[in-house]
Amino acid sequence: DTEVTQTPKHLVMGMTNKKSLKCEQHMGHRAMYWYKQKAKKPPELMFVYSYEKLSINESVPSRFSPECPNSSLLNLHLHALQPEDSALYLCASSHTGKLFFGSGTQLSVL
Amino acid sequence: RKEVEQDPGPFNVPEGATVAFNCTYSNSASQSFFWYRQDCRKEPKLLMSVYSSGNEDGRFTAQLNRASQYISLLIRDSKLSDSATYLCVVNKGGDSSYKLIFGSGTRLLVRP
């Protein structure tokens with residue numbers, strides 16, 4: 001079983017909605033990640049937080065806003081998304097370079 | 001050229017077969033190498049790290065060739081439960097060591 005917990009597991013939202021994805025880990029890992037995965041494609045890196053500071057932003061549109069309130073929590077705030085943003089959003093933490101993924105949030109934007 | 005490239009799939013093999021996947025990477029500064037397994041509609045899960053000396057875990061053997069910049073995964077005695085997509089993952093290296101790049105994945109189908 002994964003030790004990275006993501007909520008919600010499924011989310012349907014309209015293009016004018018504001019929603020947030022949440023991720024939590026209690027393994028003491030100091031790096032946390034957001035990945036986006038479309039069907040039949042590999043995960044694509046969005047953001048990396050290292051010691052609660054944003055260290056990598058892969059030119060993600062501003063309608064996606066990450067937040068790291070503390071070393072165990074990672075949020076992804078969503079606003080004014082487009083239908084093409086529909087995907088599986090995966091959170092991960094890392095230790096010694098190894099990634100540990102949550103089970104993801106399947107997002108549908110209508 | 002993609003940063004991480006994998007064999008195109010799918011590989012369709014009978015139970016008990018031996019199958020090998022290759023993966024090449026473009027950044028010579030990369031230091032960390034992994035194989036992940038992903039089942040349909042599930043998250044990727046770490047299968048094994050890949051070390052310069054090569055490493056084995058049961059039926060799975062991983063090799064790294066730094067000179068040629070490729071890694072491999074060998075699966076012996078394939079089981080039906082091995083059917084999944086296998087993702088090669090490489091870190092970017094240098095100042096971007098936190099950046100882990102995924103290959104496009106190789107799909108394995110093991111048939112009875």
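Predicted, not measured: the structure shown is a model, and the values here were computed from it. We name chains A, B, ... by the order of the sequence lines, and we start the count at 1 in each one.
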K.L.:
Donor-acceptor pair, distance only, cut-off 3.5 Å: does the side chain of Thr105(A) make one with the backbone of Pro8(A)?
P.N.:
yes
K.L.:
Describe, in one word, how the ring planes of Phe102(B) and Tyr36(B) are oriented to each other, choosing from parallel (under 30°), tilted (30 to 60°) and perpendicular (over 60°).
P.N.:
tilted
K.L.:
Under a 4.5 Å heavy-atom cut-off, does chain B meet the side chain of Gln106(A), its backbone, both or neither?
P.N.:
neither
K.L.:
For chain B, find which of Ser94(A), Ala39(A), Pro42(A) contributes the most heavy-atom pairs closer than 4.5 angstrom.
P.N.:
Pro42(A)
K.L.:
Side chain, backbone, both or neither: which part of Glu44(A) has an atom under 4.5 Å from a heavy atom of chain B?
P.N.:
neither
K.L.:
Working note: Gln6(A) + Glu43(B), criterion side-chain hydrogen bond (donor to acceptor under 3.5 Å, both in side chains); need CA distance, chi angles, decisive distance, verdict.
P.N.:
CA-CA 11 Å; Gln6(A) 285 188 246; Glu43(B) 74 274 19; over 6 Å; no
K.L.:
Counting heavy-atom pairs closer than 4.5 Å to chain A, which one of Pro44(B), Cys40(B), Ser32(B), Ser49(B) comes out on top?
P.N.:
Pro44(B)
K.L.:
Sort out for me which residue in Glu67(A), Lys19(A), Lys18(A), Arg63(A) forms a side-chain hydrogen bond (donor to acceptor under 3.5 Å, both in side chains) with His77(A).
P.N.:
Glu67(A)
K.L.:
Determine whether the aromatic ring centres of residues Phe64(A) and Phe47(A) are separated by less than 6.0 angstrom.
P.N.:
no
K.L.:
What option among Gln38(B), Lys42(B), Arg41(B) has the most heavy-atom pairs under 4.5 Å with chain A?
P.N.:
Gln38(B)
